[in-house]
S.K.: 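Can you keep this structure in mind? I'll have questions shortly.
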Amino acid sequence: MLSSWSFANISFFQPPAFLMTGIPGLEAIHGWLSIPFSSIYTVALTGNCLILLTVRRTPSLHQPMYYFLSMLALTDVGLALSTMPTTLAVLWFDHRLIGFNACLVQLFFLHFFSVVESSVLLAMSFDRFVAISNPLRYASVLPNNVIIRIGLAIVARATLCLFAVPFLIKRLNFCPGNVLSHSFCFHPDVTSRACADISINIRYGVCVVVSTGGIDSLLIVLSYTFILRMVLSLASPREHIRALNTCASHILAVFVFFIPGVTMSMIHHFGRHLPAVVHTLVAYVYLVVPPALNSVIYSVKSKPIREAMFRVLRGKDKG
């Protein structure tokens with residue numbers, strides 16, 4: 001009985017913890033690197049919380065466009081908080097251990113907020129399509145109850161897509177080596193440490209990526225194709241510019257999110273020969289930078305948001 005018990009334990013192994021990695025080859029300057037990372041996280045949290053506060057306190061911003069912007073800001077706060085504790089712990093204190101179950105929780109929320117962000121950007125493109133194609137019926141097409149349903153559908157979609165991921169990982173037998181390639185738990189990184197057949201995990205991951213980010217990006221391109229056709233049908237060049245200006249912030253946010261995501265996916269599948277530092281930096285650009293840049297983009301490019309922010313900061317939050 002003792003020998004069979006020992007064999008069972010040897011044949012199935014899950015590490016009690018994983019060992020995270022900062023930026024390969026730059027371990028000696030992790031303390032200095034923590035400064036720009038801390039700044040990025042500060043901008044992400046402060047900027048997006050300020051957007052949420054501004055929209056809430058400014059009645060003139062109680063419109064579909066700014067409700068969707070609030071969804072994006074809330075998602076960016078969640079995405080930043082998903083990676084911030086472990087990333088700063090590694091860079092500041094060289095605290096690299098994360099428990100197995102804690103790793104799965106972080107992995108779920110990291111990918112959850114990524115899927116939500118993709119969905120929100122798609123909803124925002126639909127919002128811009130409605131606003132430009134039928135401005136007179138804009139508010140009636142997207143009343144508050146419809147926006148709430150869209151938000152709930154986005155959360156439900158992300159939850160259903162990712163609910164099985166932690167359980168698929170829990171069934172895997174892992175190799176004794178437990179060193180991750182990032183300062184956070186990322187699905188391809190964690191599953192690659194398994195000593196078992198991970199084909200189901202890979203296929204499921206590809207299905208999630210294609211059915212969320214893949215479809216969302218195609219629908220966003222389709223939305224802007226229709227938007228561009230409608231804009232070009234307008235009579236005056238001034239109307240062209242005015243219509244496109246309402247989409248500028250959203251277009252930049254789409255580029256900031258999807259370009260690093262596509263780059264990271266391509267590198268993961270076809271660039272395995274590249275140095276580890278390349279994989280790490282692209283992952284940081286995909287997961288850490290967009291939450292900070294989105295708040296900056298909308299603060300700078302959107303005049304109503306910018307002016308309302310100044311009023312809130314001055315304590316004059318009526319508008």
Side-chain angles (χ1 to χ4, degrees), residues 1-22 24 75 78-90 95-119 154-215 261 264-265 267-269 272 276 279-280 282-284 286-288:
M1 182 177 291
L2 181 61
S3 61
S4 63
W5 181 87
S6 301
F7 178 78
N9 277 273
I10 292 171
S11 63
F12 186 81
F13 172 74
Q14 283 184 345
F18 287 108
L19 199 64
M20 297 176 293
T21 303
T75 304
L79 189 57
L81 290 176
S82 297
T83 60
M84 183 180 72
T86 52
T87 298
L88 294 185
V90 170
H95 181 77
R96 299 172 60 194
L97 280 177
I98 182 170
F100 183 81
N101 289 327
C103 180
L104 294 185
V105 171
Q106 184 187 45
L107 181 150
F108 174 82
F109 281 107
L110 188 155
H111 291 283
F112 171 84
F113 285 114
S114 295
V115 171
V116 169
E117 179 128 354
S118 173
S119 303
I154 288 171
V155 172
R157 179 200 194 197
T159 303
L160 290 173
C161 284
L162 296 166
F163 179 77
V165 169
F167 299 101
L168 289 174
I169 294 175
K170 286 278 279 187
R171 71 181 181 84
L172 294 176
N173 180 31
F174 283 81
C175 303
N178 62 343
V179 181
L180 299 177
S181 303
H182 306 289
S183 60
F184 44 79
C185 293
F186 194 58
H187 181 259
D189 192 20
V190 173
T191 54
S192 67
R193 300 301 180 269
C195 285
D197 181 10
I198 61 170
S199 57
I200 293 177
N201 300 72
I202 293 173
R203 288 171 190 154
Y204 190 86
V206 170
C207 286
V208 170
V209 170
V210 171
S211 63
T212 56
I215 291 177
M264 187 179 65
S265 180
I267 287 178
H268 174 70
H269 286 97
R272 298 185 181 182
H279 291 260
T280 302
V282 172
Y284 281 130
Y286 172 56
L287 294 169
V288 177

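Just so we're clear, the structure is a prediction, and the values are computed from it rather than from any experiment.
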S.K.: Would you say the side chain of Thr87 lies within less than 4.5 Å of the side chain of Met20, judging by non-hydrogen atoms?
M.R.: no

S.K.: Does Thr75 reach the main-chain N or O of Phe113 with its side chain, forming a donor-acceptor pair under 3.5 Å?
M.R.: no

S.K.: Evaluate the criterion side-chain contact (heavy atoms from CB on, under 4.5 Å) for residue pair Ile98 and Thr86; output intermediate values, then yes/no.
M.R.: CA-CA 8 Å; Ile98 182 170; Thr86 52; 4.0 Å; yes

S.K.: My understanding is that only residues two or more places apart in sequence, or in another chain, count here; which of them pass disulfide (SG to SG under 2.5 Å) with Cys207?
M.R.: none

S.K.: Is the shortest heavy-atom distance from the side chain of Met264 to the side chain of Phe186 under 4.5 Å?
M.R.: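 With C-beta onward as the side chain, the pair touches.
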
S.K.: Main chain of Ser181, side chain of Asp189: is a donor-acceptor contact present, judged purely on distance under 3.5 Å?
M.R.: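 Side chain of Asp189 to backbone of Ser181: a pair is present.
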
S.K.: Taking all atoms of both residues into account, what is the closest heavy-atom pair of Leu79 and Leu110, and its distance?
M.R.: CD1-O, 3.8 Å

S.K.: Apply side-chain contact (heavy atoms from CB on, under 4.5 Å) to residues Tyr286 and Ser114 and explain how you reach the verdict.
M.R.: CA-CA 10 Å; Tyr286 172 56; Ser114 295; 3.8 Å; yes

S.K.: Might you work through the side-chain contact (heavy atoms from CB on, under 4.5 Å) test for Arg193 and Asn178, ending with a clear yes or no?
M.R.: CA-CA 7 Å; Arg193 300 301 180 269; Asn178 62 343; over 6 Å; no

S.K.: Does Phe174 offer a backbone N or O that forms a donor-acceptor pair with the side chain of Gln14 under 3.5 Å?
M.R.: no

S.K.: Starting at OG1 of Thr159, measure out to CZ of Phe108 and round the result to the nearest 0.5 Å.
M.R.: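 So the gap between those two atoms works out to 5.0 Å.
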
S.K.: Provide the closest heavy-atom pair for Gly213 versus Ser118 in the form atom of the first, atom of the second, distance.
M.R.: CA-OG, 3.6 Å

S.K.: Any idea which heavy atoms bring Tyr204 and Cys161 closest together, and the distance?
M.R.: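 Scanning both residues completely, I find the closest heavy atoms to be OH-O, 2.7 Å.
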
S.K.: Would you mind reporting whether Val208 and Leu162 have side-chain heavy atoms less than 4.5 Å apart?
M.R.: yes

S.K.: Starting at CD1 of Ile198, measure out to OG1 of Thr191 and round the result to the nearest 0.5 Å.
M.R.: 4.5 Å

S.K.: Given side chains that start at C-beta, do those of His187 and Ile169 come closer than 4.5 Å, heavy atoms only?
M.R.: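 With C-beta onward as the side chain, the pair touches.
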
S.K.: Do the side chains of Leu180 and Leu19 get nearer than 4.5 Å, heavy atoms only?
M.R.: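 Side chain of Leu19 against side chain of Leu180, heavy atoms only: no contact under 4.5 Å found.
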
S.K.: Quick check: closest heavy atoms across Arg171 and Leu168, and the distance to 0.1 Å?
M.R.: CG-O, 3.0 Å

S.K.: Would you say the side chain of Val165 lies within less than 4.5 Å of the side chain of His111, judging by non-hydrogen atoms?
M.R.: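 Contact flag for His111/Val165 side chains = no.
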
S.K.: Kindly check if the number of other-residue, nucleotide or ligand heavy atoms within 6.0 Å of CZ (Phe100) is above 12?
M.R.: yes

S.K.: Over 60° means perpendicular and under 30° means parallel, so tell me whether Phe184 and His182 are parallel, tilted or perpendicular.
M.R.: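 Parallel.
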
S.K.: With a 4.5 Å cut-off on side-chain heavy atoms, are Leu104 and Phe167 touching?
M.R.: no

S.K.: Minimum heavy-atom separation for Val116 to Ala158, with atom names?
M.R.: CG2-CB, 3.6 Å

S.K.: Just how far is it from atom CD of Glu117 to atom CD1 of Ile154, taken to the nearest 0.5 Å?
M.R.: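 Rounded to the nearest 0.5 Å, the CD-CD1 separation comes out at 11.0 Å.
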
S.K.: Give me the atom names and distance for the closest heavy-atom approach of Ser183 to Val90.
M.R.: CB-CG2, 4.1 Å

S.K.: Is it true that Thr83 and Tyr284 share a donor-acceptor pair across their side chains at a distance under 3.5 Å?
M.R.: no

S.K.: Taking Gly78's backbone N and O only, do any of them form a donor-acceptor pair with Ser82's side chain (distance below 3.5 Å, no angle check)?
M.R.: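 Flag set: sc Ser82 to bb Gly78 pair under 3.5 Å.
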
S.K.: Would you call Arg157 and Ser119 a side-chain contact if the rule is heavy atoms closer than 4.5 Å?
M.R.: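 Yes. Closest side-chain heavy atoms under 4.5 Å.
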
